[in-house]
**Q** 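Quick one: this structure, given as structure tokens, is what I'll be asking you about.
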Amino acid sequence: MAAPIKSPGHVAAPGLGGVGDSALRPDGTLKVTGEFAYASDLWIDGMLWGATLRSPHPRARITSVDIGPALAVPGVRAVLTHRDVPGRGTFGIDGADDQPVLAVDQVRHQGEPVALVAADHPETARRAAALIGIGWEVLEPVTDPRAVVADPEGLKVQGLGGIARHQPIRVGDVAAARAAAAVVVAGEYEVGIQDQAFLGPESGLAIPAEDGGVDLYVSTQWIHNDLKQIAPCLGLTAGQVHMTLAGVGGAFGGREDLSMQIHAGMLALHTGRPVKMSYNRQESFFGHVHRHPAHLRYEYGATAEGRLLFADVEIVLDGGAYTSSTLNVTGNAASLGVGPYEIPNIRVDAYGVYTNNPPCGAMRGFGAVQACFAYESMMDRLGAACGLGPVEIRRRNAVKQGSRLATGQIIEAPAPLADMLTRLEAMPMPPERDTSDLRGLPGGVAQTTHGEGVVRGVGYGVGIKNICFSEGFDDLATARVRLEVIGGEPTALVHTAAAEVGQGLVTIQAQIARTELGVRRVVIAPADDAVGDAGSSSASRQSYMSGGAVKTACEAVRAELIALAGRRAGPAGRVPGDLTVAGGRVVSRSAGVLGTIAEILGTEVIEATREFHHRPTTALDPVTGQGRSHTQLALCVHRAVVDVDVELGLVKVVELAAVQDVGKILNRLSLEGQIHGGSAQGLGLALMEEIVVSGGLVRNPSFTDYLIPTILDMPPMRLDILENPDPEAPYGLRGAGEPPTLSSTPAIVAAVRAATGRPLTRVPVRPEHLVTT
């Protein structure tokens, strides 16, 4: 059987530099020109196409299933239901019994998979799936997450799960602090459902293997967690499922959960033929989890001078029909729920609940985004009540080295937040509005205005985000590094299971290998399960974790290289003790150059496999919420300048400025791209992005009606990137991909508030929220 098409290993061109250089991405040109092989481009001779029948109802009982009409369609090779699942019938990223592979006797959300079809042509498969007869008893869906919090036991009786997690935080005496406060402000906030909106839909290829197992080529964020879920459901051992990362067209958390992996494997094993599944855009909106929508209630009290005394907070996160990452998202929302501010008395109650709305899970910012919009809105409200500006109220309450978060965790190593705010405030403002160029006005070349009714506003936002996995999870990454001479040049092969999802990880791994081994040529092997777990490409963790694993493995290889050079340098007892690798040579400060790496290696091959673990964390106490739950914390602050047409409710973001502490810059070009990208997603949440759900039904599953920022919506950005190394992290780095998503949203909304005078307690802000009546 012909081998499937797949991307080769990324070869980093010689001479592009090591850690700290802006090395170019080897996949960048291919992606821009359309030559990169994504999962949806996979092809193999003789393959079938898979399709999924999904529930049209958010909640219903299945009374009958008739697959006969689908089987009668010419070209159909298989029609499968839950009865055909060869192994365990349930799976889950955070628990094996979370959700069914295929619905058994009921569906809990619109789009839940019910049956599968394999056919010779994708259109045939889709038409046949539509012919499957399903008898439905439609039930009233539960769609209000606050009602779940109010009556969780009543919903459990109905089999709806109730509350997935309640995480309280208790510090000090809130009641006493409330009585002592000179200023008390309160607000209620809402965050809509944001989609990851990656451009590459869920897709992959399953090929029956000679050992009775299956080879999977899939776009994912976490190969080994996928394997842990897939094999039991297919009735296979872990060794019988072989997974290789296919080209990933974006992820942002939406590929942490399984989509078509088990389904394609079932069809391939049942038919004995390769099966490709590729969702269309509408199906993709139902085929992955989204950002949790949230209802947030906040009350803050302070002294007359604006010093925070207490915070009383309730956060309700709608996890939808299944758990996914809700437990961890709730923990993040609770632990970071009042932001990077010193507050002596805190009461937080964070709830993650089940409903019949779309399932929600990981998305960039992961629980902290929702809380950040609320607590930053509250800081503006508190500042106004105390007669203080938005920067000063934050500066007076900002955490610093040695401060404690709400969980009791001590702030370590980041740049002082007060100084970051001062730097941000001092940045130059953009030029005054030029009404002669319509492209710079709200509405653009649609000529909705020539400057009439346009008001400028400025707003600030601060965000704090945890980096890596938290709450006692034994986070690890594995790397294998091989050094040998190929074609007369020393070459390092770096092999990890870490998913390159567009963040530039292949470039960083190559830079680390060049830095540690002193070689120019580095090959990054395709990510697969032939090497140990690398963890998920999420939580801003891969540079830290897989970068740490590559660094550690390279150090082991370098040590062996130096030992080899020493053994070849001369008689025993006269080997220099100060050998190092530099400039492609092994050198000694006392004895000079011992030889080039190629000369010393000769025909030898040096290989090392190493695991990297970050420092341990602890679970949050279930009653007080205290604990050192996070590995690392990162700060970003934004200033937004907007122009608002108050007559039509149109917004133009004129400029975003950001100050972020990244610990150590590994690749400035890639880093700036991450800050720009995170800010773009924050802008989308602030002004345009929302999955509209009514009665449990998604109303806009397309990019026609779900709007994301384009290049015309993104403003110029000013960046001030700080380097305050974390002594516990590789090279002192601090994960950087997520923090900009937090602080950009409240900064933009604050700027719109400043321009309009409207309270704006919900995101995304819509035109009808702004129009003067």
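Please read these numbers as outputs of a predicted model, since none were measured by experiment. Numbers for residues simply follow the sequence, beginning at 1.
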**Q** Measuring from Ile343:CD1 to Arg404:CZ, what's the distance to the nearest 0.5 Å?
**A** 15.5 Å
**Q** Going by atom types only, do Asn328 and Ser325 share a side-chain donor-acceptor pair under 3.5 Å?
**A** no
**Q** So, using salt bridge (Lys or Arg N to Asp or Glu O under 4.0 Å) as the criterion, who are the partners of Arg699 when residues are at least two apart?
**A** none
**Q** Between the side chains of Glu689 and Tyr706, is a donor N or O closer than 3.5 angstrom to an acceptor N or O?
**A** yes
**Q** In chain order, what residues pass the side chain to side chain contact (heavy atoms under 4.5 Å, CB included) check against Arg433, with sequence neighbours excluded?
**A** Thr435, Leu441, Val454, Arg456, Asp643
**Q** Which is it for Glu425 and Arg639 under the salt bridge (charged side-chain N to carboxylate O under 4.0 Å, His left out) test, yes or no, and what are the steps along the way?
**A** CA-CA 8 Å; Glu425 189 178 32; Arg639 184 187 69 199; over 6 Å; no
**Q** Kindly give the heavy-atom pair with the smallest separation between Asp144 and Thr355, and that separation in Å.
**A** C-CG2, 4.5 Å
**Q** Could you tell me which non-hydrogen atom of Ala499 sits nearest to which non-hydrogen atom of Gln542, and how far apart they are?
**A** N-NE2, 4.3 Å
**Q** Test His295 against Asp318 for side chain to side chain donor-acceptor pair (under 3.5 Å), laying out the working first.
**A** CA-CA 9 Å; His295 296 269; Asp318 184 353; over 6 Å; no
**Q** Grab the two heavy atoms, one from Ala181 and one from Gly301, that are nearest each other, plus how far apart they are.
**A** CB-CA, 4.0 Å
**Q** Can you give me the closest heavy-atom contact between Pro428 and Glu655, atom names plus distance?
**A** O-OE1, 4.0 Å
**Q** Could you report the tightest heavy-atom contact between Pro390 and Ile393, atom names first, then the distance?
**A** O-CG2, 3.4 Å
**Q** Step by step, work out the side chain to side chain donor-acceptor pair (under 3.5 Å) result for Glu452 and Thr449.
**A** CA-CA 6 Å; Glu452 311 88 356; Thr449 181; 3.0 Å; yes
**Q** Just by distance, no angles: are the side chains of Asn466 and Gln632 close enough, under 3.5 Å, to form a donor-acceptor pair?
**A** no
**Q** Roughly how far, to the nearest 0.5 Å, is the CG atom of Asn700 from the CG atom of Leu707?
**A** 8.5 Å
**Q** For a side chain to side chain donor-acceptor pair (under 3.5 Å) check, start with the C-alpha distance between Ser324 and Asp257, then their side-chain angles and the critical distance, and finish with the verdict.
**A** CA-CA 7 Å; Ser324 182; Asp257 295 74; 2.7 Å; yes
**Q** Within the 3.5 Å criterion, strictly below it, is a donor on Ser540 or Arg364 matched to an acceptor on the partner's side chain?
**A** no
**Q** Can you check side chain to side chain donor-acceptor pair (under 3.5 Å) on Thr710 and Asp713, steps first, answer last?
**A** CA-CA 5 Å; Thr710 70; Asp713 299 297; 3.1 Å; yes
**Q** Under the side chain to side chain contact (heavy atoms under 4.5 Å, CB included) rule, what do Tyr544 and Thr631 come out as? Steps first, then yes or no, please.
**A** CA-CA 11 Å; Tyr544 191 126; Thr631 304; 3.8 Å; yes
**Q** With salt bridge (charged side-chain N to carboxylate O under 4.0 Å, His left out) as the test, would you mind laying out the steps for Lys652 and Asp645 before giving the verdict?
**A** CA-CA 8 Å; Lys652 172 72 175 180; Asp645 184 336; over 6 Å; no
**Q** Out of curiosity, His292 NE2 to Cys360 SG, how far, rounded to the nearest 0.5 Å?
**A** 5.5 Å
**Q** Is there side-chain contact between Gln167 and Ser335, with heavy atoms separated by less than 4.5 Å?
**A** no
**Q** Identify the residue among Leu742, Val391, Val659 that makes a side-chain contact (heavy atoms from CB on, under 4.5 Å) with Val637.
**A** Val659
**Q** With rounding to the nearest 0.5 angstrom, report the CG to NZ distance, Leu733 to Lys664.
**A** 10.0 Å
**Q** Would you call Lys465 and Phe366 a side-chain contact if the rule is heavy atoms closer than 4.5 Å?
**A** yes
**Q** Does any non-hydrogen side-chain atom of Gln370 lie less than 4.5 Å from one of Ile315?
**A** no
**Q** Taking atom CD of Glu432 as the centre, report whether more than 12 heavy atoms of other residues, nucleotides or ligands fall under 6.0 Å from it.
**A** no
**Q** Out of curiosity, Arg394 CZ to Asp380 CG, how far, rounded to the nearest 0.5 Å?
**A** 4.0 Å
**Q** Should the pair Arg255 and Phe198 be classed as cation-pi, given the thresholds of under 6.0 Å to the six-membered ring centre and 45° from the axis?
**A** yes
**Q** How about Asn667 and Gln511: does a side-chain donor come under 3.5 Å of a side-chain acceptor?
**A** yes
**Q** Of all heavy-atom pairs between Gly737 and Thr741, which one has the smallest distance, and what is that distance?
**A** O-OG1, 4.2 Å
**Q** Looking only at the side chains, is there a donor atom on one of Gln221 and Ser538 sitting less than 3.5 Å from an acceptor on the other?
**A** no
**Q** So Gln660 and His638, side chain to side chain contact (heavy atoms under 4.5 Å, CB included) or not? Walk me through it.
**A** CA-CA 9 Å; Gln660 185 167 342; His638 267 89; over 6 Å; no
**Q** Any side-chain heavy atom of Val338 within less than 4.5 Å of one from Val313?
**A** yes
**Q** Any side-chain heavy-atom pair from Leu666 and Tyr731 closer than 4.5 angstrom?
**A** yes
**Q** Do the non-hydrogen side-chain atoms of Val462 and Tyr341 ever get within less than 4.5 Å of each other?
**A** yes
**Q** For residues Val191 and Leu685, determine if any side-chain heavy atom of one lies less than 4.5 Å from a side-chain heavy atom of the other.
**A** yes
**Q** Could you tell me if the side chain of Ile464 sits less than 4.5 Å from the side chain of Ile411, heavy atoms only?
**A** yes
**Q** What do the steps show when you test Glu190 against Arg297 for salt bridge (charged side-chain N to carboxylate O under 4.0 Å, His left out), and what is the final call?
**A** CA-CA 9 Å; Glu190 187 177 353; Arg297 180 194 56 78; over 6 Å; no
**Q** Think Arg381 forms a cation-pi with Tyr300, using NZ or CZ under 6.0 Å from the six-ring centre and within 45 degrees of its axis?
**A** no
**Q** With Glu342 as reference, evaluate Lys400, Arg396, Arg395, Arg307 under the salt bridge (charged side-chain N to carboxylate O under 4.0 Å, His left out) test and give the passing residue.
**A** Lys400
**Q** Checking salt bridge (charged side-chain N to carboxylate O under 4.0 Å, His left out) for the pair Arg734/Glu723: CA distance, chi angles, key distance, verdict?
**A** CA-CA 9 Å; Arg734 193 176 299 280; Glu723 294 184 275; over 6 Å; no
